[in-house]
Amino acid sequence: MDTSESIHVAIVGSGPSGFYAAEALLRSELPVRVDMFERLPTPYGLVRSGVAPDHQKLKQPIQVFERIARTPEFGFLGNVTIGIDVTIEELKAAYHAIIFACGAQKDRRMDIPGEDLDGSHTATEFVGWYNGHPDYRDRVFDLQQEVVAIIGQGNVAVDVCRILTRPVDELKTSDIAEHALDALSQSRVREVHIIGRRGPAQAKFTSKELRELTGLTGTVATVDPEQLRLTSACETELASNTNVIAQKNMELFRAIAANAPQSGLRRIHFRFLASPFAVQGRDRVEKLSLVRNRLTGEPFRQSAMATNCFEELTCGLVFRSIGYKGVPIPGLPFDPMRGVLPNAAGRIVDGESVLPGLYVTGWLKRGPSGIIGTNRADSLETVESLLTDLAKHPPRYAPGLKGVAPIIERRCARVVGLADWFDIDAAEVERGTSRGKPREKFTRIEEMLSLVS
Ligand code: NAP
C-alpha cells in the first residue's frame, strides 16, 4: 500500500543485484515501496540473457525474483530507459532514494590492431546472441570456420567454448534461442583454443566449469604438459589453503595433459602464458599473432611480462572474453579504471562527499566478479547503508511513482508492467512446450510489445 509515510525507492536495473536489493528493502520494517526500472520489456538481466542455456539450474534464482516481484509493494516498469523516458533528476525529485543496479555492460578491449576485423567478436555478443537478447539477436558468427580462439580464461570463456563444442542435440531441449540452435547445427567448428596471458595456476575458471569441458561428448580437451611446469612462485600459490580452486584446476589440467591430442571429433586446447598482439587478416580474421609471456612478481601478485618469443595461430574466429566494465551514467561520478560508480558501502561518492539518496549495487559497485548469489550480500550491504541513512535523516514526503508516471507516460510508447511481463513469460513457455524446451524466448522488442498491446 502506498501511503504518505511510504519510503519510495527506485531501482535501476532488474538483474540479480537489483532483485536482491528489492528483497532486502521489502524485508525491512519500514513501509518501503520499490519501483524497478528496466530498459528491456523483460526482467532478470544476466540470469535470462547471460547464464548459458545448458546451465538451466543456475536460472533457479528466477523463482526467488518472481516471488519478490509479486510482493504488493513492488512495481516493475519495463521498456523504460533512464535518461530518455525519465531522467535521473526527475527520479531524484520523486523518490527518497535510487539504487543503480545496471551491471557491467561493456566489454574490456584488447586494444590491439585487427581487433575489429570481421570474425573478431566479444564474448558478450555471442552470449547475448545464443540467449536471444534483442540487442544481439541479429549478430552473425561465421561458424563455417574450423578454428576458434578465445582470449581469456574465466567462466565466460568456458561458456562460449562449451556452446561451440557441445553436441547440438544436447542444447535442443534448453532455452537456447532458435536462431542460434539453427546456426550451431550447421557449425563446422573443430578446434577451440582458450588462451590465457598467465599460467594454469592463475586461470580464473571455477573447477566445476573447467571439469565440464573435459566430459563433452565427442570433444577432447588437451594441453601441452610443458605448459604445466610451475615456477616456485606458482608452487607457493598452489600450496596455500586459500587457493583450493586453483589446486583442483591444476589436477584437472594434469589429467587433461594425459589425453591423446588427436582423438575426438572436436578439440579444446588450453594455452597459457600467451598474449595476442595483433589479429591478422585482409578482410577478416585469418590468424592471431601471439607473444609468449613469463610471470613476474610475488606469489598472488604475478603478472604476465612479454618475452621476445612469438607465435602465430591460424584461426577464423576470435572471441575476446577478458572481462566487463560498467558504463558511466550521465550526471554521476565514475571510476573509468575500474568501470564502477565510486562508492562507500554502496553510497555513491564524489571525491570525499557522499551523494545523498544515491546508491549502487552489484557489478556496477564492485566490478564484474562472483556468482549470482554474491549479489545478495552485496545488495544487503547497500540497503543497510540506505536504511542507516534514512534513520539518521528522517525523509520528507516524496510522491514516488505518482511523481514520474505522467512523465514516463508522455515519453515512453509502452511501459511493460509486471502483469504484461507475466503474459510474455507465459507465451514464451507455451511456445517452448511444442519444441520440448522450457521456453522459446521472444528475441525482438516489437514482438514482445505487440503481445501486450
Ligand atoms: P574473469 O573471471 O575476470 O576472467 C577474465 C579473464 O580475462 C582472465 O583470465 C584474465 O586474465 C583475462 N584478461 C583480462 N584482461 C586481459 C587482457 N588484456 N589480455 C588477455 N587476457 C586478459 O571474467 P569473466 O569470465 O568475464 O567472468 C566474469 C564473472 O562472471 C566471474 O566472476 C565469473 O566467475 C562469473 N561467471 C560465472 C559463471 C558460472 O558460475 N557458471 C559463468 C559465467 C561467468 P588475468 O587473470 O591475467 O587478469
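Position 1 is the first residue of the sequence; numbering continues from there. Remember, it's a predicted structure, so these values are computed and weren't measured experimentally. Just so you know, ligand 1 is whichever comes first in the structure, and atom 1 is the first atom listed for that ligand.
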**Message:** For a ring-ring contact (aromatic ring centres under 6.0 Å, His included) check, start with the C-alpha distance between F74 and F19, then their side-chain angles and the critical distance, and finish with the verdict.
**Reply:** CA-CA 10 Å; F74 177 95; F19 268 101; 5.7 Å; yes
**Message:** Within the 4.0 Å heavy-atom shell around G154, which atoms of ligand 1 are there?
**Reply:** 2 (O), 4 (O), 25 (O)
**Message:** Quick check: Y324 and ligand 1, any N/O pair under 3.5 Å apart?
**Reply:** no
**Item:** For Q153, atoms of ligand 1 separated by under 4.0 Å from a heavy atom
**Value:** 6 (C), 8 (C), 9 (O)
**Asked** Between R376 and E23, is there a salt bridge with N-O shorter than 4.0 Å?
**Response** yes
**G370 N/O to ligand 1 N/O under 3.5 Å** = yes
**Request:** Could you tell me if any non-hydrogen atom of M110 lies under 4.0 Å from any atom of ligand 1?
**Result:** no
**Prompt:** Can you tell me if G323 has a non-hydrogen atom under 4.0 Å from ligand 1?
**Reply:** yes
**Request:** Check step by step if side chain to side chain contact (heavy atoms under 4.5 Å, CB included) holds for N343 and R366.
**Result:** CA-CA 9 Å; N343 68 92; R366 69 176 191 277; over 6 Å; no
**Asked** Any N/O of S369 closer than 3.5 Å to an N/O of ligand 1?
**Response** no
**Fill in**
Checking heavy-atom distances from atom 26 (O) of ligand 1 to each of I195, D111, V156, the winner is V156
**Asked** So is W363 polar-close to ligand 1, meaning N/O to N/O under 3.5 Å?
**Response** no
**Prompt:** So is there a nitrogen or oxygen of R197 less than 3.5 Å from a nitrogen or oxygen in ligand 1?
**Reply:** yes
**Prompt:** Any idea which of I150, T374, I322 brings a heavy atom closest to atom 13 (N) of ligand 1?
**Reply:** I322
**Prompt:** Quick check: are there more than 12 heavy atoms from other residues, nucleotides or ligands sitting under 6.0 Å from CD of Q144?
**Reply:** yes
**Message:** Is the contact between R108 and ligand 1 made by the side chain, the backbone, both, or neither, using heavy atoms and a 4.0 Å cut-off?
**Reply:** neither
**Message:** Need the ligand 1 atom indices (1-based, order shown) with element for anything under 4.0 Å from a heavy-atom of L58.
**Reply:** 41 (N)
**Request:** Apply side chain to side chain contact (heavy atoms under 4.5 Å, CB included) to Q202 and R197, showing your working.
**Result:** CA-CA 9 Å; Q202 290 81 32; R197 62 180 169 181; over 6 Å; no
**Message:** Against ligand 1, does V51 come closer than 4.0 Å with any heavy atom?
**Reply:** no
**Request:** Sort out for me which residue in R435, R48, K441 forms a salt bridge (charged side-chain N to carboxylate O under 4.0 Å, His left out) with E428.
**Result:** R48
**Complete:** Within 4.0 Å of some non-hydrogen atom of P368, the atoms of ligand 1 are 28 (C), 29 (C)
**side-chain hydrogen bond (donor to acceptor under 3.5 Å, both in side chains) assessment of D378 paired with S17** = CA-CA 8 Å; D378 193 352; S17 63; over 6 Å; no
**Prompt:** Hey, what's the ring geometry for H193 with H269, parallel, tilted or perpendicular (30° and 60° as the breaks)?
**Reply:** parallel
**Asked** Hey, are E212 and K208 close enough for a salt bridge, meaning a charged N less than 4.0 Å from a carboxylate O?
**Response** no
**Prompt:** Without hydrogens or angle criteria, can the side chains of D224 and Q227 be said to hold a donor-acceptor pair below 3.5 Å?
**Reply:** no
**Asked** D159 to ligand 1: N or O pair under 3.5 Å?
**Response** no
**Asked** Hey, is ligand 1 close enough to I371 that some N/O pair sits below 3.5 Å?
**Response** no
**Message:** Check for me whether the distance between the ring centres of F37 and F76 falls short of 6.0 Å.
**Reply:** no
**Request:** Return the option from H55, R109, R198 holding the heavy atom at the smallest distance from atom 46 (O) of ligand 1.
**Result:** R198
